[in-house]
2 protein chains.
Amino acid sequence: MSVDEQRRVKRLPREVRERQILDAAVRVFSEHGYHNASMDEISDVAGVSKPMIYAYLGHKEDLFAACIRREAGLLMAAIAAGVRAELPPDMQLWHGLRAFFRFVGDQRASWRVLHRQATSQGGPFSEELLAMRARAITLVTALLARSAAESDLDDSAVKSTEALAAALVGAGESLADWWLDHPSVPEKVVASWLMNLVWMGFGDLVEGAVWTPTPE
Amino acid sequence: MSVDEQRRVKRLPREVRERQILDAAVRVFSEHGYHNASMDEISDVAGVSKPMIYAYLGHKEDLFAACIRREAGLLMAAIAAGVRAELPPDMQLWHGLRAFFRFVGDQRASWRVLHRQATSQGGPFSEELLAMRARAITLVTALLARSAAESDLDDSAVKSTEALAAALVGAGESLADWWLDHPSVPEKVVASWLMNLVWMGFGDLVEGAVWTPTPE
DNA sequence: CCCGTAGCCTACTCAGAAGTAGGTTTCGGG
DNA sequence: CCCGAAACCTACTTCTGAGTAGGCTACGGG
């Protein structure tokens with residue numbers, strides 16, 4: 001409907017169409033979920049006929065996987081751009097968290113398709129997700145390891161670093177999910193909650209301690 | 001197939017059949033997801049014909065909702081049973097976490113259907129989930145509030161208690177999901193990770209501090 | 001000016017799964 | 001012993017939505 005109204009857009013090169021299709025797919029998948037999203041609706045939203053999708057992006061599974069790959073790449077890039085290596089560990093974590101939540105806030109559709117949908121579908125999709133999560137965990141592990149290196153740490157504590165990184169990444173994903181359903185909370189606030197929880201712990205918070213970013 | 005082999009089981013009262021159907025449904029939903037689970041397979045696993053399901057539990061959506069309600073009730077009961085009110089706050093949290101992870105470990109299928117599936121389907125299902133999560137958050141909030149009451153806390157910190165409870169519940173859900181994919185880690189270990197993360201925070205952990213349960 | 005190829009569409013096929021019609025058997029009470 | 005209702009089944013119908021066959025049309029190079 002949207003396209004016909006403006007006197008059929010001219011023929012466009014393949015890459016442009018692929019982008020339009022992926023944009024439409026992310027949107028539709030995030031609105032209805034993988035199964036309830038129909039190829040017909042995606043083609044409609046993209047302003048393209050169904051066979052084009054099959055010609056360019058393949059079957060429904062392929063299309064979905066392509067969405068995940070693209071959005072995951074964007075997310076990781078956003079986080080990496082936010083973390084500046086010269087800062088102290090807590091500030092790095094803080095900036096990483098803020099970049100992460102900013103991405104989720106700005107790209108709700110992406111996050112939905114990325115996390116909620118992909119997690120719940122089995123098979124090839126979760127692998128894409130696993131790969132991204134693995135990259136995120138590696139990043140956080142490195143950060144914590146640097147932080148740990150500055151203090152004197154015994155072996156067992158070092159060993160669990162990666163596990164803690166996994167927990168943190170999980171907490172972030174989960175809190176982001178929660179945030180989707182409570183959009184009125186500002187991004188900075190959500191980020192600071194997680195930062196406090198993760199850096200200070202309830203034990204300290206309950207005693208009135210609070211972590212605050214040191215101004216640059 | 002399973003039933004015919006043993007010379008058709010006698011007619012059974014409605015409640016028994018309903019339980020069998022729900023058991024089968026939880027299993028099948030957790031294996032294939034809501035959409036890929038077919039009523040035919042559920043009826044087959046339950047050892048009952050499809051019209052029986054419709055007669056007793058209604059349509060597919062109703063059946064799924066019934067599964068969530070039942071399993072959510074069991075989970076909350078398990079947690080509530082684990083938390084003993086006379087203990088100090090950190091020990092209460094510890095026991096709550098352990099009960100939670102024990103449930104997830106023992107009832108993987110339940111957790112899958114409960115969390116992964118329900119979260120990813122929109123509509124009526126997420127409401128069931130929301131209700132359960134709300135109960136969990138209330139429980140944790142109360143626990144933290146008690147903990148906070150023992151120390152002198154300013155207003156802003158109190159206000160965020162519920163938010164922190166939400167984050168903790170989210171972290172638990174998320175870590176449980178992670179655990180599904182890493183079953184080799186023992187339950188106690190997973191629980192202690194979350195306990196440490198949440199009670200001590202990275203800030204302390206990095207300095208070598210560790211939370212350990214005080215023996216009773 | 002013409003033709004090959006890349007962009008693009010309409011209009012189908014077909015499988016799978018939800019949900020149902022309508023009948024048959026067993027059981028308990030009168 | 002009989003009959004009504006509850007337990008239970010086989011064998012459909014129906015519809016949705018993935019995937020395709022087969023062709024038209026514009027553009028760029030020769």
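Here is how names work: the chains are called A, B, and so on, in the same order as the sequence lines, proteins then strands, and each is numbered from 1.
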Provide, to the nearest angstrom, the distance between the [atom1] atom belonging to [X] and the [atom2] atom belonging to [N].
{"X": "B/D62", "N": "C/dA18", "atom1": "CG", "atom2": "C1'", "answer": "13 Å"}
{"X": "B/L57", "N": "C/dT20", "atom1": "CG", "atom2": "C1'", "answer": "17 Å"}
{"X": "B/I42", "N": "C/dA18", "atom1": "CD1", "atom2": "C1'", "answer": "12 Å"}
{"X": "A/E15", "N": "C/dA6", "atom1": "CD", "atom2": "P", "answer": "15 Å"}
{"X": "B/R11", "N": "D/dA5", "atom1": "CZ", "atom2": "P", "answer": "16 Å"}
{"X": "B/I53", "N": "D/dA7", "atom1": "CD1", "atom2": "C1'", "answer": "15 Å"}
{"X": "B/E18", "N": "D/dA7", "atom1": "CD", "atom2": "C1'", "answer": "13 Å"}
{"X": "B/Y54", "N": "D/dA7", "atom1": "OH", "atom2": "C1'", "answer": "19 Å"}

Original post:
Can you list every pair that meets salt bridge (charged side-chain N to carboxylate O under 4.0 Å, His left out) and has a residue in residues 97-113 of chain A, with sequence neighbours left out?
Top reply: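 Pairs touching residues 97-113 of chain A that pass the test: A/R98-A/E187.
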
Nucleotide nearest [X] (side chain, heavy atoms from C-beta), chosen from [options]:
{"X": "A/H59", "options": "D/dT20, C/dT20, D/dA7", "answer": "D/dT20"}
{"X": "A/S49", "options": "C/dC9, C/dA18, D/dT25", "answer": "C/dC9"}
{"X": "B/P51", "options": "C/dG19, D/dT10, D/dG19", "answer": "D/dT10"}
{"X": "A/M52", "options": "C/dG7, D/dT20, D/dC8", "answer": "C/dG7"}
{"X": "B/V48", "options": "D/dT20, D/dC9, C/dC8", "answer": "D/dC9"}

Subject >> A/R17 vs C/dC8: side-chain N/O to OP1/OP2 distance below 4.0 Å >> reply: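 A/R17 to C/dC8 OP1/OP2: side-chain N or O found under 4.0 Å.
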
Original post:
Reckon A/Y56 has a side-chain N or O less than 4.0 Å from the OP1 or OP2 of C/dA6?
Top reply: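 Negative; the distance criterion is not met.
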
Subject >> Member of A/W179, A/F100, A/F29 meeting the ring-ring contact (aromatic ring centres under 6.0 Å, His included) criterion with A/W111 >> reply: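 When ring-ring contact (aromatic ring centres under 6.0 Å, His included) is applied between A/W111 and each of A/W179, A/F100, A/F29, only A/F100 qualifies.
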
Subject >> Exercise: identify the closest heavy-atom pair between A/S43 and A/S49 >> reply: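 Smallest interatomic distance, heavy atoms only, reads CB-C, 3.9 Å.
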
Original post:
Do A/D90 and A/W211 have side-chain N/O donor and acceptor atoms under 3.5 Å apart?
Top reply: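 Judged by distance alone, the side chains do pair up.
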
Original post:
Sub-3.5 Å donor-acceptor pair from the side chain of A/Q117 to the main-chain atoms of A/Y34, do we have one?
Top reply: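 Checked: pair present.
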
Original post:
Got a donor-acceptor pair under 3.5 Å from the side chain of B/K50 to the base of C/dG19?
Top reply: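 Side chain to base: pair found, below 3.5 Å.
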
Subject >> Check ion pair B/R27-B/E31 (N to O, under 4.0 angstrom) >> reply: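 Yes, this pair counts.
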
Original post:
Below 4.0 angstrom, N of the basic side chain to O of the carboxylate: do A/D23 and A/R70 qualify?
Top reply: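 Here A/D23 pairs with A/R70 in a salt bridge, since their nearest N and O are under 4.0 Å apart.
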
**OP:** Name every residue in residues 31-41 of chain A that has at least one heavy atom under 4.0 Å from any atom of DNA chain D, in order of residue number, or write none if there are no such residues.
**Re:**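 Output list: A/A37, A/S38, A/M39.
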
